Amino acid sequence: MTVSKYSISILGSCVSRDLFNSHFVSNYDAQFEVLSDQQHMSIISLMSPPLSKNLSDISGDITTFYKHNFQRDLNKNYLEELKYNPPEFLLIDFYTDAFYGTVEEKSGSYITNKLWQYKKLGCYRELEIGKEYSVYNNSLEFIELWKNYFDLFMVFINEYCPKTKIIINKAKFVNRYLDSKKDKMVTISDVTDDKWKAFHIDRFNIIWNLFDTYAIEKYNLDSIDFDMNTYYGDPFHKWGLFYVHYNQEFYNDTYQKLLIIADRSKCEC
């Protein structure tokens, strides 16, 4: 007997995409078929016009994965993928918006504020970068701009994917991991060689929660909660120790919660 799978698309980051990675959820493909995904792209960038400039020179010292994301950040092709192959479910997280924000491109578009990576590409010099909107720069304008562009995204979904159910993954930054040798929790920002401290982590979570709340409350969207007391960083994570690379329990729990929402939606049809 063939069991039908739920079709799904993912917009966000590894906190959502890794639910469909067999390293974290071994049997996900028994229940879900991933039709499309878009990682590390801000909502504002996604809903702004594609850049028509000749930016073919993507040589540079960044990975193939990030070069691919850069190209998609410019061409906005994810919208066409949704339009021509609407999924039953769309799982969204706002990590990229909270952590990076967006920058203006003077042609009239926006791109995700990952300039520290994009500057390594040969074509970066062709971009005309303008104002930054993020948790650190022009933050009040950023919030209002983000709301306007998320509203545009919902208009797009209602027009082209009216049967798609959106689910918000309310993951957050965590600033602790379990040191198994010492059998105690250790603060990530105290041991990693980066610029983020507890103060910054709190700011990211505040604006991330604001985005979650706006989307869920205004549009009555389903969501998956995140328990700060249960989930923490994993120093042996496949992608390394970072504030959104969690212990295995997160992936197990979040996947099951997603499956419950999908099954419930099927029963409501």
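Note that the structure is predicted; figures quoted are calculated from it, not measured.
The two residues D225 and K170 make their nearest non-hydrogen contact at OD1-NZ, 3.1 Å. Here the shortest heavy-atom pairing between G240 and H245 reads O-ND1, 2.7 Å. The minimum heavy-atom distance between T96 and S42, with the atom names listed, is CG2-N, 3.8 Å. Of all non-hydrogen atoms in I188 and F242, the two that sit nearest each other are CD1-O, 4.1 Å. Here the closest heavy-atom approach between residue I168 and residue A215 is recorded as CD1-CB, 4.4 Å. Of all non-hydrogen atoms in I261 and I224, the two that sit nearest each other are CD1-CG1, 4.0 Å.
Clustering ILVMFWY residues whenever any of their side-chain heavy atoms sit less than 4.5 angstrom apart, transitively, puts M228 in the very cluster that holds L210. Residues I43 and L145 are members of one and the same hydrophobic cluster, defined by side-chain heavy-atom contacts under 4.5 angstrom among Ile, Leu, Val, Met, Phe, Trp and Tyr. Connection of F24 to L241 is established within a shared hydrophobic cluster, with ILVMFWY side chains joined at heavy-atom distances below 4.5 Å, either directly or through further cluster members. Put simply, L35 and L90 are part of two different groups of oily side chains (I, L, V, M, F, W, Y) that touch within less than 4.5 Å, one to the next.
With sequence neighbours left out, the ring-ring contact (aromatic ring centres under 6.0 Å, His included) criterion links Y160 to F156. D179 pairs by the side-chain contact (heavy atoms from CB on, under 4.5 Å) definition with Y177, K181, K182, V186, not counting sequence neighbours. Applying the side-chain contact (heavy atoms from CB on, under 4.5 Å) criterion to R176, with sequence neighbours excluded, gives M185, Y232.
Checked against the 6.0 Å centroid criterion, the rings of W146 and F142 do not qualify as a close aromatic pair. Aromatic ring centres of F70 and Y118 lie closer together than 6.0 Å. Note: Y255 and Y28 fail the aromatic proximity criterion, with ring centroids not under 6.0 Å apart. Two rings, from F153 and Y219, have their centers 6.0 Å or more apart. Aromatic ring centres of F173 and Y246: separated by at least 6.0 Å.
Judged purely by distance below 3.5 Å, without hydrogens or angles, the side chains of Y78 and D37 never pair a donor atom with an acceptor atom. No side-chain N or O of Y133 forms a donor-acceptor pair with one of E104 less than 3.5 Å apart. D18 and W239 share a side-chain donor-acceptor pair at under 3.5 Å. Side-chain atoms of S45 and T102 form no donor-acceptor pair, as typed in the model, at a separation below 3.5 Å. Under 3.5 Å, the side chains of Y6 and D263 contain a donor-acceptor pair of N or O atoms. There is a side-chain donor-acceptor pair under 3.5 Å between N169 and S16. In this model, no donor atom of one side chain and acceptor atom of the other lie less than 3.5 Å apart for Q256 and N252. Donor-acceptor pairing under 3.5 Å is recorded for the side chains of Y214 and K218.
Side-chain N or O atoms of N113 include none that pairs as donor or acceptor with a backbone N or O of S134 at under 3.5 Å. Under a 3.5 Å cut-off, the side chain of E105 and the backbone N or O of I129 do not form any donor-acceptor pair.
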For this session: Mind running side-chain contact (heavy atoms from CB on, under 4.5 Å) on Y243 and I201 for me, showing each step along the way?
Result: CA-CA 8 Å; Y243 306 99; I201 302 305; 3.7 Å; yes
For this session: Mind running side-chain contact (heavy atoms from CB on, under 4.5 Å) on E249 and T230 for me, showing each step along the way?
Result: CA-CA 8 Å; E249 191 172 359; T230 301; 3.5 Å; yes
For this session: Take L82 and I157, measure what side-chain contact (heavy atoms from CB on, under 4.5 Å) needs, and give me the verdict at the end.
Result: CA-CA 8 Å; L82 287 176; I157 292 295; 4.3 Å; yes
For this session: Kindly indicate, with the supporting measurements, whether the criterion salt bridge (Lys or Arg N to Asp or Glu O under 4.0 Å) is fulfilled by D212 and K172.
Result: CA-CA 10 Å; D212 286 344; K172 294 294 179 288; 2.5 Å; yes
Exercise. Under the side-chain contact (heavy atoms from CB on, under 4.5 Å) criterion, do V244 and V174 qualify, and how do the steps go?
Worked result: CA-CA 7 Å; V244 292; V174 296; over 6 Å; no
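Of the listed residues (I8, L91, D93), just one forms a side chain to side chain contact (heavy atoms under 4.5 Å, CB included) with I167, and that residue is L91.
Relative ring orientation between F65 and H40 is described as perpendicular, the plane-to-plane angle rising above 60° on a 0-90° scale split at 30° and 60°. Ring geometry, Y95 versus Y100: the interplanar angle exceeds 60°, so the pair is classed perpendicular (tilted spans 30 to 60°).
Using a 4.0 Å cut-off between a side-chain N of Lys or Arg and a carboxylate O of Asp or Glu, E141 and K131 qualify as a salt bridge. Taking a cutoff of 4.0 Å between a charged side-chain nitrogen and a carboxylate oxygen, D73 and K114 do not qualify as a salt bridge.
Residue D61 qualifies as open at atom CG: its count of foreign heavy atoms under 6.0 Å is 12 or below.
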